[in-house]
Peer 1: 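Here you go, one structure.
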Amino acid sequence: MPLFDQPRNGRVLAMADWQRTHTCGELRDSHIGQTVTLNGWVLITRNFPNQVFIDLRDRYGLTQVVVEDSDKALFDLTNTVGREYVLSVTGVVRKRIAGKERSDIPTGQVELEAKSVRVLNASPPLPFSVTEFPDEELANEDLRLQYRYLDLRRRSIQQVLMLRHRICKLIRDYMDAHGFLEMETPLLGKSTPEGARDYLVPSRVFNGEFFALPQSPQLYKQLLMISGYDRYFQIARCLRDEDLRADRQPEFTQLDVEMSFVEREDVLGVMEGLAADLLDKCLGVKLSLPLPRMSYKEAMLRYGSDKPDLRFGLEISDISDIAAESDFKVFKDCVAGGGVVRGLCAKGAADKFSNTDLKPGGKLSAFVAQFKAKGLAWMKVEGDKLTGSIEKFFPDAVKAKLKERMGAQPGDVLLFVADKESVVCDALGALRSHLGSELKLYKNWWDEKADYDAAEEKAAKKEKRAPKPFVAKPEHFQMLWVLDFPMFAYDDEEKRWVAIHHPFTAPMDEDVDRMESDPGTVRAKAYDMVLNGYEVGGGSIRIHRPDVQATVFKMLGMSIEDAKARFGFLLDALQSGAPPHGGIALGLDRWCMILAGTTNIRDVIAFPKNQKARDLMTGAPATVEGRQLKELGIELKN
RNA sequence: GGGGGCGUAGCUCAAUUGGUUAGAGUACCGGACUGUCGAUCCGGUGGUUGCGGGUUCGAGUCCCGUCGCCCUCGCCA
């Protein structure tokens, strides 16, 4: 791949004398003797009475520049340059003296003997360090976000953003090869009642009216199907005005996909092929296809989550029937009242948790309390006996059943939550994830890489060779499809049914008839792609019949008039030759996180917002001038 | 809106039970030094302990309030 412009139309592009002929990651033995020019930033200098060494860096790599004291003016100038100066250095590539080569960097066999140095720009001492030495702690994140342009100079961030580019490129190549068209959809659209809070944009021309920024291109891509564009994709920015998390930003990127004349299998097949491609080409991990599948119901029962992390076991056991046979009032009453009792068996963890951790108000019971669980019951397995304060309510026969059901062995802790099913699933699902990381039941691939790299770097240095790169293992990537989500959930606060996926998701054919009579049991043709406990994609087959769409709106408490006012164009379009269609969206930022080995979405976005959704660099959001508000017909209350 | 954690030099951190002039590493400045590669060695500058109030003979440390950042619950069709 040529980095520099080649002669065009018989004309050689003029090149200023300071412009680079090579990058800082390019020079090798084969360049020895050549006169070259490098442009880059000073990472660090090492000054001696007779020589100055400069590590010159750009996004391609790092090259050592040597300035000898034979040219006094050049030498004096070089002694004044500091970290992060931008230099143009012209010189001769030469072999490093014997025994002084570096095998750990690609340019380590050579160095650039400077003949002239031009300071393209100076730099004051920075608010934090751009170097990344092994034991160097990063500066506070808010400081780094304030000076994001400096933070982005760090090698590890540059590598992540270059990886992000590669991921996007792989996606485009894959989608193109599979016949998909990349198409754009509007940013200025219409607010929709369901779903996340919209970001609104006031209209100057129509005072009092607002555009909404898209939560996703959902409606547009369906309309493109109706228009006959068959296979569409877009790497689309989506905006949701909701509170942030470590893996959630107010603006984020999705790979948005829609296909016509397809059923669920077609969408899953195309997308798992893409997932395998990404893992293979980014990390060398071969995913075995087809991916495992699990129903929503099974995922909730066994893992308490619709995005289970399958890198470790610690499955949930339902012991409602056994609990009913005990004399423990809390359990019995719960089951009698229609609730469930379920538990986890934490292998060998009996000595990891003190009774203080376990008892009411302790760490673990406080943890489940977050999820509305009223308490955490527990027993320890000591020898062949069960111990703990509730042990006495369980007759021996019941204890035996319990141990068998949960696979309890000496040294294990049994943890129980009794409540209505949704609370039990939330609490135990979260507790399972919590214990999974707390008890180190699995390893993140990047933790394994960090261990490997540290050891390999030492070994390589000792043996004077280049370190061998880490190869991730397939077991670090546990991916599956979660299928057969319920169509509706009852919202206690709003006292109405809401769509679990979105209102355009098709119900399963065999469940359509129950939509009005028993909405809670209707399953949707929806699917989520789950990787290591992250929801990395989700989609559905859409409704393509106007009557079914109208019924769904009705179930969501929307009158015909409401639906027509809000989605009239869609209802009309569905009556105008809509093909069966469906699609999916992948969370591109989350994919980048996982492939880059980070747990923070800000690490994979060049200019992210902080947790309060403020851009610490620009200061946005900010007040605007009165004139601007006036044009928009907006008056501030205070 | 709720819960938790954090805030000390430009940066990363320390400071015993509330007790002397708030220290160290690094960056920065000056000096020494013939091949370094996070060079090394010597010296120096650098502090409203986030902010405001209170308790106390005495507060970085305790109390109240407030601001900021991170994690999390709610929220995210």
Side-chain angles (χ1 to χ4, degrees), chain A residues 43-56 62-69 82-84 94 96-105 107-108 111 113 124-147 150 192-198 215-216 218-219 238-250 252 363 366-373 426-427 430 433-434 461 485 487-489 491 493-494 497-505 524 526 535 538 540 552-553 556 558 585 587 599-600 602 610-612 614 616:
Chain A
L43 182 68
I44 207 163
T45 63
R46 293 175 291 278
N47 300 55
F48 288 84
N50 302 345
Q51 282 156 323
V52 175
F53 297 94
I54 297 171
D55 287 346
L56 199 67
L62 180 149
T63 300
Q64 172 162 283
V65 173
V66 191
V67 184
E68 307 282 359
D69 66 348
R83 292 186 180 201
E84 298 308 309
R94 71 184 187 193
R96 292 193 181 199
I97 63 174
K100 300 293 183 184
E101 305 89 351
R102 275 184 71 170
S103 49
D104 57 332
I105 59 171
T107 61
E111 62 193 11
E113 182 187 356
L126 303 180
F128 58 89
S129 176
V130 174
T131 56
E132 294 191 299
F133 300 122
D135 59 352
E136 197 173 20
E137 296 289 335
L138 283 177
N140 267 334
E141 197 186 9
D142 47 331
L143 187 76
R144 290 188 285 117
L145 288 176
Q146 190 188 338
Y147 298 96
L150 297 177
T192 53
E194 295 278 315
R197 195 176 294 113
D198 287 316
Q215 298 174 25
S216 82
Q218 184 61 37
L219 292 170
C238 305
L239 299 106
R240 298 178 188 175
D241 187 4
E242 297 292 347
D243 285 346
L244 285 68
R245 288 287 187 282
D247 63 349
R248 256 166 41 192
Q249 281 272 305
F252 61 100
K363 265 187 250 164
F367 181 84
V368 296
Q370 286 186 88
F371 303 90
K372 307 245 159 45
D426 279 0
S433 304
H434 179 70
K461 215 164 202 175
F485 281 79
M487 184 90 179
F488 304 104
D491 187 315
E493 269 181 36
E494 292 195 43
W497 293 95
V498 295
I500 291 223
H501 192 57
H502 57 54
F504 318 109
T505 298
E535 182 196 324
S540 62
V552 171
F553 285 147
L556 297 174
M558 223 182 288
T599 53
N600 184 335
R602 294 182 295 276
N610 76 357
Q611 209 198 12
K612 286 269 188 69
R614 185 180 287 286
L616 290 177

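The sequence lines fix the lettering, A, B, ..., with proteins before strands; numbering per chain opens at 1. These numbers were taken from a predicted model, which means no experiment stands behind them.
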Peer 1: Would you classify A/Leu138 as touching base, sugar-phosphate or nothing, given that sugar-phosphate means primed atoms plus P, OP1 and OP2, and contacts are heavy atoms under 4.0 Å?
Peer 2: sugar-phosphate
Peer 1: Using a 4.0 Å heavy-atom cut-off, does A/Asn50 contact any base of the nucleic acid, only the sugar-phosphate backbone, or nothing at all?
Peer 2: base
Peer 1: Could you give the distance separating B/U17 and B/G7 at their C1' atoms, to the nearest angstrom?
Peer 2: 24 Å
Peer 1: Looking only at atom C1', what distance separates B/G18 and B/C62, rounded to whole Å?
Peer 2: 8 Å
Peer 1: Would you classify A/Ser216 as touching base, sugar-phosphate or nothing, given that sugar-phosphate means primed atoms plus P, OP1 and OP2, and contacts are heavy atoms under 4.0 Å?
Peer 2: base
Peer 1: Does any donor-acceptor pair link the side chain of A/Arg197 with the base of B/G74 at a separation under 3.5 Å?
Peer 2: no
Peer 1: Could you pull out all residues at least two apart from A/Phe371 that satisfy ring pair (Phe, Tyr, Trp, His ring centres under 6.0 Å)?
Peer 2: A/Phe367
Peer 1: Below 4.0 angstrom, N of the basic side chain to O of the carboxylate: do A/Arg245 and A/Asp247 qualify?
Peer 2: no
Peer 1: Within less than 4.0 Å of OP1 or OP2 of B/G35, is there a side-chain N or O belonging to A/Arg96?
Peer 2: no
Peer 1: Check this one for me: any side-chain N or O of A/Gln215 less than 4.0 Å away from OP1 or OP2 of B/C76?
Peer 2: no
Peer 1: Between the side chains of A/Arg248 and A/Asp243, is the shortest nitrogen-to-carboxylate-oxygen separation below 4.0 Å, so that they form an ion pair?
Peer 2: no
Peer 1: Output yes when a side-chain donor or acceptor of A/Glu101 lies under 3.5 Å from a complementary backbone atom of A/Gly99, and no otherwise.
Peer 2: yes
Peer 1: Give a yes or no on whether a donor-acceptor pair under 3.5 Å exists between the nucleobase atoms of B/G74, that is its base, and the side chain of A/Arg245.
Peer 2: yes
Peer 1: Using purine N1 to pyrimidine N3 plus N6-O4 or O6-N4 for Watson-Crick, or N1-O2 and O6-N3 for G-U wobble, each under 3.5 Å, what pairs with B/A15?
Peer 2: none
Peer 1: Rounding to the closest angstrom, what is the interatomic distance between B/C57 and B/U66 at atom C1'?
Peer 2: 29 Å
Peer 1: Can you tell me the Watson-Crick or wobble partner of B/C69, both distances under 3.5 angstrom?
Peer 2: B/G5
Peer 1: Looking at the side chain of A/Arg102, which of B/C69, B/U12, B/C37 is the nearest nucleotide?
Peer 2: B/C37
Peer 1: Go through B/G38, B/C69, B/G35 for me and flag the one nearest to the A/Ile44 side chain.
Peer 2: B/G38
Peer 1: Just N and O in the side chain of A/Arg46: are any of them under 4.0 Å from OP1 or OP2 of B/U40?
Peer 2: no
Peer 1: Picking from B/G35, B/U12, B/C70, which would you name as closest to the side chain of A/Phe48?
Peer 2: B/G35
Peer 1: Check for a donor-acceptor pair, side chain of A/Glu111 on one end and backbone N or O of A/Val66 on the other, with a separation under 3.5 Å.
Peer 2: no
Peer 1: When you measure from the side-chain N and O atoms of A/Arg602 to the phosphate of B/C69, is any distance below 4.0 Å, counting only OP1 and OP2?
Peer 2: no
Peer 1: For the side chain of A/Gln370 and the base of B/G3, is some donor closer than 3.5 Å to an acceptor across the two?
Peer 2: no
Peer 1: Which base, if any, makes a Watson-Crick or G-U wobble pair with B/U56, both distances under 3.5 Å?
Peer 2: none
Peer 1: With rounding to the nearest 0.5 Å, note down the distance linking CG in A/Asn50 to CD in A/Glu68.
Peer 2: 8.5 Å
Peer 1: Roughly how far apart are A/Asp142 CG and A/Gln611 CD, rounded to 0.5 Å?
Peer 2: 12.0 Å
Peer 1: Has the side chain of A/Asp243 got a donor or acceptor that lies under 3.5 Å from a partner of the other kind on the base of B/G74?
Peer 2: yes
Peer 1: What interatomic distance, in whole Å, is found between C1' of B/G38 and the corresponding atom of B/A27?
Peer 2: 13 Å
Peer 1: So, does the side chain of A/Glu132 form a donor-acceptor pair with the base of B/G38 at under 3.5 Å?
Peer 2: no
Peer 1: Please identify each residue that fulfils ring pair (Phe, Tyr, Trp, His ring centres under 6.0 Å) with A/Phe252, with sequence neighbours left out.
Peer 2: none
Peer 1: OP1 or OP2 of B/C73 versus the side-chain N and O atoms of A/Lys372: is any pair under 4.0 Å?
Peer 2: no
Peer 1: When rounded to the nearest Å, what value does the distance between C1' atoms of B/A14 and B/G30 take?
Peer 2: 28 Å
Peer 1: Show the distances under 3.5 angstrom between N or O atoms of the protein and N or O atoms of nucleotides 8-10 of chain B.
Peer 2:
from, atom 1, to, atom 2, distance (Å)
B/G10, O2', A/Pro127, O, 2.9

Peer 1: Which one, B/C33, B/A39, B/C71, comes nearest to the side chain of A/Pro49?
Peer 2: B/C33
Peer 1: In whole Å, measure the gap between the C1' atoms of B/G44 and B/U8 for me.
Peer 2: 22 Å
Peer 1: Categorize A/Glu493 for me: base, sugar-phosphate, or nothing, with a 4.0 angstrom heavy-atom threshold over every strand shown.
Peer 2: nothing
Peer 1: Counting side-chain heavy atoms from CB outward, which of B/C69, B/C37, B/A27 is closest to A/Arg83?
Peer 2: B/A27
Peer 1: Is A/Arg248 side chain donor-acceptor paired with the B/C75 base, going by distance under 3.5 Å alone?
Peer 2: yes
Peer 1: If the P atom of B/G4 is compared with that of B/G65, how far apart are they to the nearest Å?
Peer 2: 13 Å
